[in-house]
Amino acid sequence: MESGTTSNNFLRTLIAEDLKSRKVTQIVTRFPPEPNGYLHIGHAKSISVNFGLAEEFGGICRLRFDDTNPEKESQEFIESIQADVAWLGYSWEGPVRFASSYFDTLYRWAEHLVEQGKAYVDDLSPDEAREYRGTLTEPGRNSPYRERSVDENLDLLRRMRAGEFADGERVLRAKIDMAHPNMNMRDPILYRIRKAHHHQTGDAWPIYPTYDFAHGQEDAIEGVTHSICTLEFEDHRPLYEWFIANLPVESQPRQYEFGRLNTSYTVTSKRKLKQLVDESVVASWDDPRMPTIAGMRRRGYTPAAIRHFCEMVGTSRSDGVVDVAMLEHAIRDDLNQNAPRAMCVLNPLKLTLRNVTEAHPAIVAPAHPSKPELGERELPFSNTLYIDADDFREEANKKFKRLVLGKRVRLRNAYVIEAVGVEKDAAGEIVGVVADLIEGTLGNDPEDGIKPKGVIHWVEAGSAVKATIRLYDRLFTDPAPDRGGADFMTLLNPEALRVVEGALVEPGAAAAGAEIRFQFEREGYFVADRFDHRHDAPVFNQTIGLRDVWADKA
RNA sequence: UGGGGUGUCGCCAAGCGGCAAGGCACCAGGUUUUGAUCCUGGCAUUCGGAGGUUCGAAUCCUCCCACCCCAGCCA
């Protein structure tokens, strides 16, 4: 974590107080995803809050799947979620937990509530139930089944559990107050009949508890001290507390809410993300353009950068939209410090050095300009190189700090050269540049005092490896694609992906393993694709470009 | 016209009665074999608004305004 730059937030203050007052001796948190989709940047925030707080205060954090709705869940997600959390660098305490492993206890507690006269079986259909619930401004009405006897309720509940009724035929509801101003307190549903196969419990249950009846009790069973969730659950807190107060639970967890993380230029709703995949706007859930954790991983984002970003954004109770530039900054900051440098020419233009022999000894260059501990690399060198076509012009004004005919430029990590000629094809297109190498300029300025205009990158023709480079940009052109107004699908950035097939990378980079990151100097940060990269056919994904103040002026 | 929240610089965000941290973005310089990095400086006389309490308020009180969430047998 950054030295002393982390600011305080209400959760840290709260936990520090709870620890100081001995209200708790060790904090216990949990990250409780429902295994019904891929994790995204918003979940990364929640993971960072829960695991981060536990880590910071010497507590523990567990991973618990809130799998109370089998129809939407699957083993695939259980696995991807674990992989994502682990990749972010967090380890949960003990085994992975499942709400479904508490189904017996939860059911027993349901019977307990019935016995106490605090829950009843309702025969209202979903439509009728909605009608009886009232509206935001009108109180609801009691269900005609609300006053059934304890015995009848118990019998009905047991028969629900035994599978005697059809899906949707009855539900178990808490008997609270149908006129309560908080809709969640208007006799909330505890169990619904769903004869669905569950990925963990198989066909053992024809009824499943709702989120409200399960979550707080799961927390209590696990000894969670601080149950941290997002703001939209705030209205559920009275209910969360009602269950904890009315059930013989073994501990008293408390719920706290924070504002969910939103970033500009991105969408995170499951529905929208799915639409992007289904309509082939992106290739998959882990497409580098996706804000999913798997997508960011494939894009080359680092766990450390994502964690740092979550920390720098802070945790509060206000909802806002964080500028995605902040995330990009965190990525650049990490990669600038840690990614070894390499050279890759995206748009090759042949450069012939007329005064160099074919067999020039390789040049040794540092892997990182300011971190000698990252070692060195060998750059083959000869009389035939490739530079980027954008780095050469026959004529240019003084602002053009690259190679100009008749002028000098430094080849990064190598010599200063001077362009002396241009080769063109029949159509008049430039197909090559001829230059002279200025002797004695390896590590030194030219002796004649005529300094080069700038520095450009290059690769040696015989050793460079042809590579596929995938250049990425933000998926949307609008800062708020999620905001009502226009359909988000009309705000897609057509240039979010540009594939460059004929790029040339220095041999050392081509030889790197999958997921190895580099800064291709003057181009940006790149990662060897996790799945497609091969030494003889390299595939690099651009993680993020270098900051470029010149771009605005050009 | 119900309930629950939130409003501090363009964007996040500290602050909790003593006179506005920090980060991102942006602007201006300097260094530089990456038009990168790095370094220096600038960037809220003001805290949604109006009243009030106080020697003193972003912080306390009152009223008002704006925005977000809630009427799934989703989480």
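Just so it is clear, the values below take in all heavy atoms, side chains as well, and ignore hydrogens, waters and symmetry mates. So you know, we letter chains A, B, ... as the sequences are listed, proteins then strands, and number each from 1.
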Legend entry - Nearest listed nucleotide, side chain of M312(A), among U34(B), G23(B), A75(B):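 Output: G23(B).
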Legend entry - Candidate nucleotides U6(B), G3(B), A75(B), ranked by approach to the side chain of F233(A) - the nearest: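 Nearest to the side chain of F233(A) among the choices is A75(B).
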Using the [atom1] atom as the reference point in each nucleotide, state the distance between [N] and [M] in Å, no decimals.
N: G3(B); M: C12(B); atom1: P; result: 28 Å
N: G15(B); M: U59(B); atom1: P; result: 15 Å
N: C38(B); M: A25(B); atom1: P; result: 10 Å
N: U46(B); M: G7(B); atom1: C1'; result: 15 Å
N: A14(B); M: G23(B); atom1: C1'; result: 11 Å
N: A13(B); M: A20(B); atom1: C1'; result: 13 Å

Legend entry - Distance test, side-chain N/O of S7(A) to OP1/OP2 of A21(B), below 4.0 Å: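 S7(A) to A21(B) OP1/OP2: no side-chain N or O under 4.0 Å.
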Inset, instruction - Ignoring backbone atoms, test whether R12(A) places a side-chain nitrogen or oxygen under 4.0 Å from the OP1 or OP2 oxygen of A13(B). - result: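 Checking R12(A) against A13(B): no side-chain N or O falls below 4.0 Å of OP1 or OP2.
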Give [X] one of three labels, base, sugar-phosphate or nothing, depending on what nucleic acid heavy atoms sit under 4.0 Å from its own.
X: L261(A); result: nothing
X: E71(A); result: nothing
X: T315(A); result: sugar-phosphate

Legend entry - Non-hydrogen side-chain atoms of M296(A) and I306(A) separated by less than 4.5 Å: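 Side chain of M296(A) against side chain of I306(A), heavy atoms only: contact under 4.5 Å found.
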Legend entry - Test side chain to side chain contact (heavy atoms under 4.5 Å, CB included) applied to P139(A) - qualifying residues, sequence neighbours left out: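 Only A179(A) meet the side chain to side chain contact (heavy atoms under 4.5 Å, CB included) criterion with P139(A).
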Write out a two-atom table: protein N or O, nucleotide N or O from nucleotides 37-41 of chain B, distance below 3.5 Å.
| from | atom 1 | to | atom 2 | distance (Å) |
| --- | --- | --- | --- | --- |
| U37(B) | OP1 | R547(A) | NH1 | 3.2 |
| U37(B) | OP2 | R547(A) | NH1 | 3.1 |
| U37(B) | O2' | N336(A) | ND2 | 2.7 |

Inset, instruction - Tell me whether G15(B) sits syn or anti, counting syn as a glycosidic angle within 90° of 0. - result: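 Anti, angle beyond 90° from zero.
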